[in-house]
Amino acid sequence: MVSKILSVMSGQISTRNYGDHHIPERLQDLPTKSNPEFFEMVEYYFHKALVAAEDKLISEMRDKIPLEGKKKKFKGITMLMQPCRTILELNFPLRRDSGDYEIIRGYRAQHSTHRLPAKGGMRFSQFVNRVEVMALAALMTFKCSSVDVPFGGAKAGIVIDPKCYSVHELERVTRRFALELAKKGYLSPALDVPAPDMGTGEREMTWLADTYEKTVGHGDINAHACCTGKPINQGGIHGRTAATGRGVFNGTTLFLENEKYMNEIGLSPGWAGKTFIVQGFGNVGYHGARYFCRAGAKLVGVLGRDVGIYSKDGIDPIKLDEYKFSNGTIKGFPGTEETGGDLMFRECDIFMPAATELVITKENAAKLQCKMIVEAANGPTTPAADAILIERKILTIPDLYINAGGVTVSFFEWLKNLNHVSYGRLTFKYEKDTNFCLLDSVQKSIEKRFCKEGVGSVPITPTNEFEARIAGASERDIVHSGLAYTMERAGKALIKTAEDLNLCLDLRTAAYVNSISKIFATYSEAGLVF
Ligand code: GLU
């Protein structure tokens, strides 16, 4: 067992004698590859974790069958967990505003349906391809499981650069895509629920929900739960837009406050004075940066699509967002120096990749000058880079945990839609009245015990903090505390598994082990064969 774990930690897993499970032959060069294929990369991390988790998973199986039978079942379940269950490729025409025609290609991959609905974003980007969508869907499976969101994993992508199309064209593309998905069971509150991702947002979710409701979902009272990330007046939930960034902040705080990890990487605990660089200034990068700064950290660099900006004195993310909105770029933001892509190699405490996948590679991992990486993006680190970072004692908080805040709040939105009532609506007044009753009751009890009849009174007044909470929690408060609880619980579970398996800084393997264990238990108890 020890040699098995050590070999996992170094990233060089051998097929020799270390238990039955091993990395498949075709994936064995992944730890040394410069440009791994994205889906294979996720498969590799999955198998790496299985090597570490195998003994535990088999020993925890509750079937009353001989060990050989359990091993066969283990193999069956883990084989089932690996590939994408189904992948839909669509090609449909778009008549452009000019009258010209184009064929638009889109995908939806459902990686796992061990729980339903399958869940995951819908991306608009000219770089979308089948493998990318499959890999992102697989990451969604493990991400949902890591934070106990009871969904399978899915992802959609349309091969389109949204900046090159008018709003009307984008609406036609989205509605047509929605209709095709819905007809084929890839858009439905019960089966498959998309959300925003790169290049999409509330507007696209409104089009999806509206198209579904007016067509295949007509008459379904839960039709609006067919996607999440909607605006509030379309059934959305307060706090969803900033949720991924907020979750990144919650999870990072947990590790920054952990003295053991901070000692290990030579960083003082807490937020004060921490410097950070963000790659990507979209929804996740912006909100993440905002929360980091609010906690006392300093944003020293932002790497945008076309340019990087740096300032050792700090960049205000809110002002930068306003600047980007008016100018269409972060280039030229006052008080900053312009840089190239090498900005990510400048010295800082925390590096936050918040753009796209496969950006930290075998070639550049040795150049990073940070102590911690928080993977706000999906799949930013290749296995070769991962091994280098562990070797260099850089703590990487993996995507499937740290950026799970978005899907967590999506889960809350979906529940809200099924309940047809916003959080707190039924309890606001009752809570407020109860709180005043409580104060009154305390006052009366004290007066009864200590004051003679008719003499004086002991007014009980709420503290400022209690005063602020007395009227009960708003929907936003409930979402924020639900998200904080989720990130803390999953983060603690991650630390425990890393300790139990002696994985040290290899939190990625620990995160995959935790996710796999839960999915494994679901299949194991329910049975595989129908
Ligand atoms: N696109 C987000 C992600 O990658 C959110 C997915 C969702 O809310 O379903 O996690």
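Just follow the structure's listing: the first ligand is 1, and inside any ligand the first atom is 1. Note that the structure is predicted; figures quoted are calculated from it, not measured.
- Between the side chains of His114 and Thr522, no donor N or O sits under 3.5 Å from an acceptor N or O.
- Counted by atom type alone, Thr497 and Asp500 present zero donor-acceptor pairs between their side chains at under 3.5 Å.
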Under the side chain to side chain contact (heavy atoms under 4.5 Å, CB included) criterion, do Tyr212 and Leu181 qualify, and how do the steps go? CA-CA 9 Å; Tyr212 180 74; Leu181 292 182; over 6 Å; no
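- Of the charged side-chain nitrogens involved, at least one lies within less than 4.0 Å of a carboxylate oxygen, so that Glu180 and Lys183 count as a salt-bridged pair.
- The closest approach between a heavy atom of Met122 and any atom of ligand 1 is not below 4.0 Å.
- Contacts with ligand 1 closer than 4.0 Å are made by backbone heavy atoms (N, CA, C, O) of Pro196 only, the side chain lying farther away.
- Looking at atom 7 (C) of ligand 1, its nearest protein heavy atom turns out to be Ala195 CB, 3.3 Å.
- Ligand-side atoms of ligand 1 in range of Lys155: 1 (N), 3 (C), 4 (O), range being under 4.0 angstrom from any heavy atom.
- The shortest contact between atom 10 (O) of ligand 1 and any protein heavy atom is with Lys143 NZ, 2.6 Å.
- Among Lys119, Arg123, Arg240, the residue whose heavy atom lies closest to atom 5 (C) of ligand 1 is Arg240.
- Remark: ligand 1 atoms within the under-4.0 Å shell around heavy atoms of Gly120 are 9 (O).
- Of the protein's non-hydrogen atoms, the one nearest atom 8 (O) of ligand 1 is Ser410 OG, 2.6 Å.
- The aromatic rings of Phe255 and Tyr401 sit perpendicular to each other, their planes meeting at more than 60°, with 30° as the lower class boundary.
- Checked for salt-bridge contact, Lys48 and Asp506 meet the test: a charged N lies under 4.0 Å from a carboxylate O.
- Contact annotation for Asn378 and ligand 1: only side-chain heavy atoms (C-beta onward) come within less than 4.0 Å of the ligand.
- Annotation: Lys331, atom NZ; neighbour count of heavy atoms from other residues, nucleotides and ligands within 6.0 Å does not exceed 12.
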